[in-house]
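Here is the structure we will look at.
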Amino acid sequence: MGSPYAGRFAPSPTGLLHAGSLVAALASWLDARAHGGQWLVRIEDVDTARCVPGADQIILQQLAACDLTSDGPVLWQSQRGEHYAAALQSLVNQGWAYPCGCSRKEIESAQAVARHSAAVYPGTCREGLNGKPARAWRLNVLAVQAALGLPAITHWRDRRLGAQQQNVGQDVGDFVLRRADGLWAYQLAVVVDDAAQCITHVVRGQDLADNTARQIVLQHALGLPTPQYLHTPLVLGTDGEKLSKQNGALALDLSDPLAALGQAAQLLGLPAQPGLHNFLTQAQGSWARLFISRTH
Ligand code: GLU
């Protein structure tokens with residue numbers, strides 16, 4: 001038998017919840033309830049420069065207004081630096097993480113020479129810093145794959161999107177674990193915390209789907225289990241772009257939580273129902289029919 005179901009909603013308090021983030025919150029909550037599992041809230045406030053003071057507390061209030069409350073203690077990533085440091089140290093000890101002295105400009109010019117696309121780190125510091133001071137720490141993706149016998153192409157199955165794959169070494173390169181400004185990178189923090197919270201099922205927005213292969217490689221490198229993944233559809237703004245705090249998405253109007261949840265439900269293909277409690281109960285069954293029975 002597998003571990004008991006644990007899911008999570010992991011908002012970054014860089015702004016308040018908006019219609020897009022409520023979809024991930026509702027979907028992850030429904031998936032947990034429909035599995036009879038736990039739903040945990042984690043505040044992803046590692047990127048302190050982008051966090052808005054007080055937004056974490058308001059997000060928790062917004063969730064509570066929708067009757068979505070964490071089944072266990074809320075975790076704040078800003079308080080978990082020692083765990084991320086221990087994970088990085090274990091990777092360094094294996095020879096799988098290395099310091100990088102490249103500035104953004106140097107990475108761009110190396111990419112141009114190697115004809116790499118802008119997103120790929122060309123591996124400049126893999127063999128040494130060449131006298132440059134260390135700035136960031138990166139994962140040596142090929143070294144991890146070679147040592148653990150992992151294929152170059154990471155395959156995974158999304159419960160909504162189906163079969164997915166990515167060649168992390170080629171399409172992303174050695175990604176950052178600790179940033180040049182000393183902050184912990186999202187990839188490291190999310191992998192360490194999903195394991196620390198024993199998360200078995202990740203349900204989150206589709207904009208994060210292309211991080212999954214990197215997270216799977218990192219889970220292998222740290223000897224951690226890989227959860228199941230489901231990425232939810234994105235709410236688009238009037239410009240056709242994904243609705244986000246960055247393009248000015250409005251905070252949810254929680255004078256009518258049921259209306260806000262109804263909108264989120266519609267995007268997920270779930271019927272609206274009168275009454276907040278009734279809606280949340282009925283939606284569990286609809287969710288299970290759409291996303292659980294056909295995937296098991
Ligand atoms: N903190 C991320 C966000 O708000 C979500 C990360 C995740 O669910 O893995 O976009």
Side-chain angles (χ1 to χ4, degrees), residues 6-32 38-52 55-60 62-63 68 70 74-80 83-84 87 154 156 158-161 164 166 172 175-177 179 183-219 222 224-237 241-249 251-252 264 268:
R8 60 17 169 228
F9 174 57
S12 304
T14 52
L16 306 186
L17 289 190
H18 53 73
S21 32
L22 189 64
V23 173
L26 175 64
S28 58
W29 185 88
L30 287 174
D31 199 49
Q38 270 213 323
W39 183 74
L40 302 170
V41 175
R42 179 168 77 226
I43 302 290
E44 299 213 320
D45 55 350
V46 266
D47 192 348
T48 40
R50 289 182 53 231
C51 289
V52 175
D56 53 347
Q57 294 300 340
I58 300 181
I59 288 173
L60 295 174
Q62 290 179 302
L63 290 170
L68 309 177
S70 184
V74 175
L75 210 65
W76 271 262
Q77 289 193 323
S78 55
Q79 295 169 9
R80 294 187 41 80
H83 300 278
Y84 311 142
T154 302
W156 57 281
D158 185 277
R159 291 171 50 207
R160 186 176 76 87
L161 302 170
Q164 307 286 312
Q166 187 179 43
V172 184
F175 55 89
V176 171
L177 302 169
R179 298 167 18 172
L183 297 180
W184 296 103
Y186 157 67
Q187 309 295 353
L188 182 72
V190 82
V191 163
V192 168
D193 288 345
D194 281 340
Q197 295 186 291
C198 300
I199 299 301
T200 56
H201 292 68
V202 170
V203 176
R204 61 185 176 191
Q206 195 170 330
D207 54 322
L208 294 160
D210 72 348
N211 291 278
T212 309
R214 265 171 282 178
Q215 292 171 14
I216 292 172
V217 172
L218 200 43
Q219 285 152 3
L222 290 166
L224 302 174
T226 293
Q228 292 193 38
Y229 290 94
L230 187 159
H231 290 87
T232 56
L234 301 180
V235 178
L236 302 181
E241 294 290 312
K242 174 205 143 199
L243 193 63
S244 72
K245 295 158 199 161
Q246 282 69 38
N247 70 12
L252 289 175
L268 295 165

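FYI, side chains are in, hydrogens and waters are out, and symmetry mates aren't considered; it's all heavy atoms of this structure. In each ligand, atom 1 is the first atom listed, and ligand 1 is the first ligand listed.
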Can you tell which of N211, T212, T232 makes a side-chain hydrogen bond (donor to acceptor under 3.5 Å, both in side chains) with R204?
-> T212
For R204, the ligand 1 atoms whose distance to one of its heavy atoms is below 4.0 Å = 7 (C), 8 (O), 9 (O)
N/O donor-acceptor pair under 3.5 Å between S70 side chain and V41 backbone | yes
Where the side chain of D45 meets the backbone of S78, is there a donor-acceptor pair that is under 3.5 Å apart?
-> yes
Ignoring hydrogens and geometry, is there a side-chain-to-backbone donor-acceptor pair from T14 to C51 under 3.5 Å?
-> no
Using non-hydrogen atoms of the residue, decide whether Q215 is closer than 4.0 angstrom to ligand 1.
-> no
Taking non-hydrogen atoms only, is Y186 closer than 4.0 angstrom to ligand 1 via side chain, backbone, both or neither?
-> side chain
Mind checking whether L208 contacts ligand 1 via backbone (N, CA, C, O), side chain (CB onward), both or neither, at a 4.0 Å heavy-atom cut-off?
-> side chain
Give the atoms of ligand 1, by number and element, whose distance to some non-hydrogen atom of E44 is under 4.0 Å.
-> 1 (N), 2 (C), 5 (C), 6 (C)
Side chain R50, main chain V46, donor-acceptor under 3.5 Å = no
Run the numbers for me: atoms of ligand 1, each under 4.0 Å from some heavy atom of V190, listed by number.
-> 9 (O)
State whether the side chain of Q62 and the backbone N or O of L17 hold a donor-acceptor pair below 3.5 Å, judged by distance alone.
-> yes
Using a strict 4.0 Å cut-off to heavy atoms of R8, name the atoms of ligand 1 that fall inside it.
-> 7 (C), 8 (O), 9 (O)
